[in-house]
Amino acid sequence: MEWAFSHASHVGGPCCDNAEMDAIWDHLLLDCTLATLTGDSGYGLIGHGAIGWRDGTIEFAGPMSALQGNPETLAARVESMHGALVTPGLIDCHTHLVFGGDRANEFEMRLNGANYEAIARAGGGILSSVSATRAASEDELFAQSLPRAQALLSDGVTTLEIKSGYGLDLDTELKMLRVARRIGAKLGITVRTTFLGLHALPPEFRERRDDYVSMVCDEWLPVVAQNGLADAVDAFCEGIAFTPDEVQRYFEAARKLGLRVKLHADQLSDLGGATLAASFDGLSADHLECTDEAGVEAMARAGTVAVLLPGSYYALCETRAPPVSAMREHHVPIAIATDLNPGTSPLRSLRLGMSMACTLFRLTPAEALRGATVNAARALGLGDRGVLAVGQRADVVAWGVQKPAELAYWIGGALAARIFAGGSEVHA
Ligand code: NIG
Ligand code: FE
């Protein structure tokens, strides 16, 4: 069957407006190269595809030839994409983008010979961002952080996770989580918040580690949970941060409150973090450069997602890559995130993170795209997004390219042409 329909001049061009007619969908994109990401591997590609949604939910995603009736009349807005690649909105499942100040000075120090752990032990590192974050008012923190979220959005991110962890006192942690939520509301995208209570030992507790851990577990976690400010909890399990025993206590407290866990695991040394996260049915274990095969097997059994963070590997000039072959062999789902933070990963593009995952960790472009969509959704416990299929949220990006490999192939720049979140067009 063939239909005649007027072609808009380019992606983003005018479309027909059927608002007065009995259109069944709000918006229909025609002549798309759909990367649906459905199926267990690959892009789930549909050439000459169409996608339609109503009330923020996808109601059609398939070949144009399967549309019933004249496509021009099926939606209030109908547009031709002229073959443009259309994917689910990208999902950045690990960021620390709410923070005060920056740490460009430490980048310089490291390139003059200092190392990350030594800077942290000397009171810099995370603690220097803690001072700046505590000092900023809520509005200042919002104003400083919003452009970072806008940068991610402008190249296709419609869901992002933001962690606390630069407050390390209850008021500042809550302030960070509120700012994170406010960013989502302002931009019209989904922000999932994670309470990162065990990120670093605050200076005022230097001689009282146990007191700090107890306070976080017994006093702060219940407040965070009661205020509904966190969707999950996270910790930094590392020689310069918290021990596996401390993390275990914290995870037990989280579990009692019904909060799912994530973990900064095995980044600089192998403390068995991947296995620890898996033993709590963790949503994800993140970093994983030093994880051994037993850790990968434990993640496979628990269904814990491996979140790879090539930005911090790159910025710290690391040389030990995460065990990607073992992850593939054991069928551990792999996600990619920016880890956007002031210290180890000032990376403001998830698509650039996908490119780095390919060149530095040897992921295929299809694995990288799955890592920034379907597997990233899973790392956040979200079942309503990450693929283009009927019933999913209409988080949809049309790109200024036609082939899915181009998303990881072009290094930097912005390629997103049209960005929809929950069915509405969102602008950076
Ligand atoms: O994911 N590892 C801990 N947290 C961040 C770094 C934090 C910082 O240095 O500010 C990370 O790499
Ligand atoms: Fe991180």
Side-chain angles (χ1 to χ4, degrees), residues 92-107 109-110 114-134 144-145 148 152 160-168 172-173 176 180 192-202 232-243 246-247 261-269 271 273-274 277 282-291 305-318 320 322 335-348 350 353 356 376 379-380:
D92 195 347
C93 64
H94 179 144
T95 89
H96 310 247
L97 71 77
V98 170
F99 56 84
D102 66 79
R103 307 224 303 271
N105 61 326
E106 291 182 9
F107 179 61
M109 284 163 73
R110 290 202 302 276
N115 91 7
Y116 178 63
E117 284 158 288
I119 293 170
R121 288 189 199 284
I126 293 170
L127 294 185
S128 101
S129 295
V130 169
S131 308
T133 305
R134 287 178 178 176
Q144 288 185 44
S145 305
R148 298 188 274 266
L152 293 175
L160 64 100
E161 184 255 21
I162 303 178
K163 302 175 194 295
S164 68
Y166 291 120
L168 309 183
T172 313
E173 290 289 306
M176 290 184 71
R192 299 289 284 184
T193 50
T194 301
F195 175 60
L196 177 51
L198 297 192
H199 196 195
L201 190 65
V233 309
D234 192 353
F236 187 17
C237 186
E238 192 58 69
I240 53 170
F242 294 92
T243 67
E246 290 164 339
V247 172
V261 306
K262 304 168 79 67
L263 188 64
H264 284 73
D266 311 330
Q267 179 188 13
L268 309 168
S269 59
L271 297 183
L283 285 169
S284 69
D286 305 36
H287 284 292
L288 305 173
E289 280 83 345
C290 301
T291 298
V305 177
V307 178
L308 306 187
L309 305 169
S312 55
Y313 174 92
Y314 166 84
L316 291 177
C317 307
E318 303 257 341
R320 180 169 171 170
I336 307 297
T338 60
D339 196 14
L340 174 37
N341 77 67
T344 62
S345 190
L347 172 58
R348 299 161 76 117
L350 180 55
M356 288 176 172
L380 296 177

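Indexing begins at 1, ligand by ligand and atom by atom, following the structure's order.
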Decide side-chain contact (heavy atoms from CB on, under 4.5 Å) for S345 and L309; before the verdict, give the C-alpha distance in whole Å, the side-chain angles of both, and the deciding distance to 0.1 Å. CA-CA 9 Å; S345 190; L309 305 169; over 6 Å; no
Let me see the working for H199 and V130 under side-chain contact (heavy atoms from CB on, under 4.5 Å), right down to the final yes or no. CA-CA 10 Å; H199 196 195; V130 169; over 6 Å; no
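Residue contacts with ligand 1 leave out F99, since none of its heavy atoms falls under 4.0 Å from the ligand. A heavy-atom separation below 4.0 Å is not found between E238 and ligand 1.
Between E318 and R320, no side-chain nitrogen of the basic residue sits less than 4.0 Å from a carboxylate oxygen of the acidic one, so the salt-bridge criterion is not met.
Here the heavy atom of the protein found nearest to atom 7 (C) of ligand 1 is Y166 OH, 3.3 Å. Looking at atom 3 (C) of ligand 1, its nearest protein heavy atom turns out to be H199 NE2, 3.4 Å.
For ligand 1, the polar-atom distance check finds an N/O of H264 within less than 3.5 Å of one of the ligand's N/O atoms. Between T344 and ligand 1, at least one pair of N/O atoms sits closer than 3.5 Å.
Residue-ligand proximity, F236 to ligand 1, at heavy-atom distances under 4.0 Å covers atoms 2 (N), 3 (C). Against a heavy-atom cut-off of under 4.0 Å, H94 is close to the following atoms of ligand 1: 1 (O). Every atom of ligand 1 with a heavy atom of G343 under 4.0 Å away is listed here by number and element: 9 (O), 10 (O). Numbered from 1 in the order shown, with element, the atoms of ligand 1 that lie under 4.0 Å from a heavy atom of I126 read 7 (C), 8 (C), 9 (O), 10 (O). Interface of H287 with ligand 1, defined as ligand atoms under 4.0 Å from a residue heavy atom, comprises 1 (O), 11 (C), 12 (O).
With E161 as the partner, the side-chain hydrogen bond (donor to acceptor under 3.5 Å, both in side chains) test is satisfied by one option alone out of T193, T194, T95: T194. Under the side chain to side chain contact (heavy atoms under 4.5 Å, CB included) rule, V261 has a single partner from D234, V233, V247, which is V233.
Here H287 fails the criterion, with no N, O or S atom under 2.8 Å of the Fe ion (ligand 2). At a cut-off of 2.8 Å, D339 coordinates the Fe ion (ligand 2) through an N, O or S atom.
At a heavy-atom cutoff of 4.0 Å, ligand 1 is contacted by the side chain of Y116 but not by its backbone. By the criterion of a heavy-atom distance under 4.0 Å, the side chain of H96, and not its backbone, is placed next to ligand 1.
Geometry at the Fe ion (ligand 2): NE2/H264 and NE2/H96 form an angle of 100°, nearest 10 degrees.
Of the inter-residue distances, the one linking I162 atom CD1 with L152 atom CG reads 8.5 Å to the nearest 0.5 angstrom. Summarising the geometry, atom CG belonging to D102 is positioned 9.0 Å from atom CD belonging to Q144; distances are rounded to the nearest 0.5 Å. Within the model, atoms CG of N105 and CZ of R110 stand 9.5 Å from one another, a figure rounded to the nearest 0.5 Å. Put simply, CD on E117 and CD1 on I240 are 5.5 Å apart, with the number rounded to the nearest 0.5 Å.
Closest heavy-atom approach to atom 11 (C) of ligand 1 among the candidates V307, D339, L340: D339.
Checked by atom type, the side-chain pair D339/H96 shows a donor-acceptor distance below 3.5 Å. If you check the side chains of H264 and H94, you find a donor sitting under 3.5 Å from an acceptor.
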